[in-house]
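Reminder, nothing fancy here: chain letters follow the sequence lines and each chain counts from 1.
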Number of protein chains: 2
Amino acid sequence: MPPRKKTERIAPPAKSASAVPGKAQTINDIARLAEVSKKTVSRVINQSPLVHKETRDRVEAVMREFNYTPDPFARGLAFRRSFLIGMVYDNPTAQYIVNMQYGALDAIRDSGFELVVHPCDSRSPGYIDGVRRFVQQQKLHGVMLVPRVSEDQALADMLAEIDCRYSRIASVSLDQASRMVITHDRDGAAEAADYLQSLGHRDIALITGPSSYRSAHERTAGFVEALAKRGIELPRERVVEAGYTFESGVASAERLLAGNQRPTAIFAGNDEMAAGVYKVALRAGISIPQELSVIGFDDSPLASRLWPALSSVRLPIRDMGRIAASMLLAEPAAASALAAASVRPHLIVRDSCQPPAR
Amino acid sequence: MPPRKKTERIAPPAKSASAVPGKAQTINDIARLAEVSKKTVSRVINQSPLVHKETRDRVEAVMREFNYTPDPFARGLAFRRSFLIGMVYDNPTAQYIVNMQYGALDAIRDSGFELVVHPCDSRSPGYIDGVRRFVQQQKLHGVMLVPRVSEDQALADMLAEIDCRYSRIASVSLDQASRMVITHDRDGAAEAADYLQSLGHRDIALITGPSSYRSAHERTAGFVEALAKRGIELPRERVVEAGYTFESGVASAERLLAGNQRPTAIFAGNDEMAAGVYKVALRAGISIPQELSVIGFDDSPLASRLWPALSSVRLPIRDMGRIAASMLLAEPAAASALAAASVRPHLIVRDSCQPPAR
DNA sequence: CTGAAAGCGCTTACAG
DNA sequence: CTGAAAGCGCTTACAG
């Protein structure tokens, strides 16, 4: 190799023919300017250790100088893999989705990756094929699975089969650690139960989400078990299964609040249903929290908009999204570490509870 | 050209070596199987008219047979343009964003395009550069600009400069027709005014959004003008500017509802602020709608969760998103036609208004 | 209406 | 530690 002057090689080119720093360069330009082969430039792009430090510095300086970023399509074509991560979800609430997206975006910021969204309908028969096409067509680097699709083992199996990396967000572990973000809904529900018990409530009712949802199961179990631990039983008639919707919350509250033998507190499996309880109580002239304490789950914006402001169990959704996306970018080992630093829900106390009157 | 047997050329190959219909083929495979050059296959992919009908049919049959879809990265590399459309937005409400995304997804379904999301902070100085990098890096096919960033002319100018197609969603026309989805917020606000007037309200108050928002300006103007047309003046002290947030709605309502000379109705520039009015009224024991009528704007989920259910002006957000995305895919002429079939808001009447008591 | 050549901007073997 | 060749799967001129 011909000797090469090592200092001051990179003559700063006439900067800014336009206001925008030029951006049109290719790997060939960088290679020429840095006086190396394009393969070497490729190595520094991909952070190969097999590059002499001085060479690397020189190449990096040129890349910075020209504001160079490699073309994702050329890389995608050669790698047979894109720099896109997908978020697959099935119709949870808007706030949930948006926060999850923000979290994912936090994780991929300045990484060169972008987020592609894929809502779907897990009840429609072809939905798994739809995800498969999405993944294969776009050669996705990986996908985040948000509840409730995250609970669908058939989906996960399909992804494993086509060798697509994924991360699952769910209330309990459903997969190997490096693929799971566990939300521990159970603990949050237990916190709600403890709080109600500490206030002095004994006659408590529960509106659960649909039993087909893992989160509903966990929230219910956490709540019931925590109460049991404190010596409070939940009679069968004080537990109503609903659909996580406002309307189902209304219907459940109507059942629970009919007659004289009302519970002094209601825990709803999410805020939507808690809002339904509010509606029924307000309409019936039952004042919250004087005559009825209410707790929700999710800490959606709704919770603080209601009056009196609803105490609710907050899930750190944005963090969940950030971690799930990070796991997709990280090496398996690092992904497991991320999983370990897992998220915990906690109760946000507002104005919807007080000790029972009687 | 050598004569070619025209019938039954395409021998159905041993289908499904695996359960999944093979998908790994390239343009070369299709060309070979259809006995044409890859360039001809490329022509049918791109719907060039310069292909003999029989040739086209044959090629299409093979493509279908093998479940072939062209590689978006190879196309992206050759075209220097991707099959991704971007949605750029600055922090409106979650429901708004999610519905907009659904609409955009409606438009690109089965088109081979995908949606990439790009929230940003329009108050941060570098945000336009951030969008530029996003667009150039991903070679986006186009971007949808959602309020309020859609109102930023500097953003639009930058996109025009780098020759990126875009569509803007805004309450009034800000650009050439083929780039605009006009939401006519003014008309929706006028409908709210007419409704309150028809119920007999004369002493009406208004909580506006921030004057820097075009939508706030339009909603205010539409409301004030419609009232004026019916001979109702809005005195200065009955108009309060707020920030489109719940908290600012609370503060505004506190000012408006203090003292004895209360208005009989309040129109809030969005549902968040209307929820603030609810909070203040409920806390002060002012009953809705008996003593105070309230109307919001957006028809967010919140509107129906409040009690009594809030009447609100609905914007067909999903339609807006669908049209904005369609415009990006369509030819300019077709895009203008889409723009013409523009969207209109309308009032959803619920339980938050009635004739004034006095 | 159809095709052979060159190229888009990267990476993967393979050498050295 | 570095490089020359071939290739990823498409499209753009250019011919005919």
- Message: Just N and O in the side chain of Thr55(B): are any of them under 4.0 Å from OP1 or OP2 of dC1(C)?
- Response: no

- Message: Distance check needed: dG7(C) C1' versus Asp29(A) CG, whole Å only.
- Response: 15 Å

- How close or far is atom C1' of dA5(D) from atom NZ of Lys38(A), stated in whole angstroms? 10 Å

- Atom-pair distance (CE on Met63(B); P on dC10(D)), nearest Å: 11 Å

- Choosing from dT2(C), dC10(C), dC10(D), which nucleotide comes nearest the side chain of Thr40(B)? dT2(C)

- In whole angstrom, give the distance that lies between atom CD1 of Ile45(A) and atom P of dT12(C). 11 Å

- Message: Is Ser37(B) close enough to dA4(C) that one of its side-chain N or O atoms is under 4.0 Å from OP1 or OP2 there?
- Response: no

- Could you check whether Asn46(B) gets within reach of a base, just the sugar-phosphate, or nothing at all, counting any heavy atom under 4.0 Å? sugar-phosphate

- Of Ala74(B) and Lys53(B), whose closest DNA chain C nucleotide lies nearer the 5' terminus? Lys53(B)

- Task: Could you work out which one of dT11(D), dT2(D), dT11(C) sits closest to the side chain of His52(A)?
- Result: dT2(D)

- Query: How about Gln47(B): does its CD atom have over 12 heavy atoms from other parts shown lying under 6.0 Å from it?
  - Reply: no

- Scan side-chain atoms only and decide if Gln101(A) and Gln101(B) contain a donor-acceptor pair under the 3.5 Å cut-off. yes

- Can you run through DNA chain D from 5' to 3' and write each base as (, ), [, ], | or . depending on how it pairs? Watson-Crick or G-U wobble, both distances under 3.5 Å. |||.||||||||.|||

- Tell me which nucleotide among dG9(D), dT11(C), dT2(D) gets nearest to the side chain of Ile27(A). dT11(C)

- Message: For a quick check of understanding: with a heavy-atom distance under 4.0 Å over all strands, which category does Arg80(A) fall into, base, sugar-phosphate or nothing?
- Response: sugar-phosphate

- Note on the structure: Contacts of Arg43(B) and Ala78(B) projected onto DNA chain D by closest heavy atom; the upstream (5') one is Ala78(B)

- Message: Please report the distance, rounded to the nearest Å, between CZ in Arg32(B) and P in dT2(C).
- Response: 19 Å

- Task: Please check the phosphate of dG9(C) (OP1 and OP2 only) for any side-chain N or O of Tyr68(A) closer than 4.0 Å.
- Result: no

- Leu77(A) CG to dA6(D) P, in whole Å, measures 18 Å

- Can you tell me the distance, in whole Å, between the CG atom of Leu50(B) and the P atom of dT12(D)? 13 Å

- Query: Any Lys/Arg nitrogen of Arg133(B) or Asp129(B) sitting under 4.0 Å from an Asp/Glu carboxylate oxygen of the other?
  - Reply: no

- Message: Taking the minimum atom-to-atom distance to the side chain of Thr26(A), which one of dA6(C), dG9(C), dA13(C) wins?
- Response: dG9(C)

- Euclidean distance, atom CZ of residue Arg81(A) to atom P of dT12(C) [Å, nearest integer]: 12 Å

- On the 0 to 90° scale, with breaks at 30° and 60°, tag the His118(A)-Phe134(A) ring pair as parallel, tilted or perpendicular. parallel

- Flag side-chain contact, heavy atom, 4.5 Å: Ile169(B) against Met100(B): yes

- Can you tell if the side chain of Tyr89(B) reaches within under 4.5 Å of the side chain of Val117(B), non-hydrogen atoms only? yes

- Asp152(B) versus Tyr127(B), side-chain donor and acceptor atoms under 3.5 Å: yes

- Query: Side-chain donor-acceptor pair under 3.5 Å between Asp29(B) and Tyr68(B), yes or no?
  - Reply: no

- Note on the structure: Taking dT11(C), dC10(D), dT12(C) as options, the one with an atom nearest any side-chain atom of Lys39(A) is dT12(C)

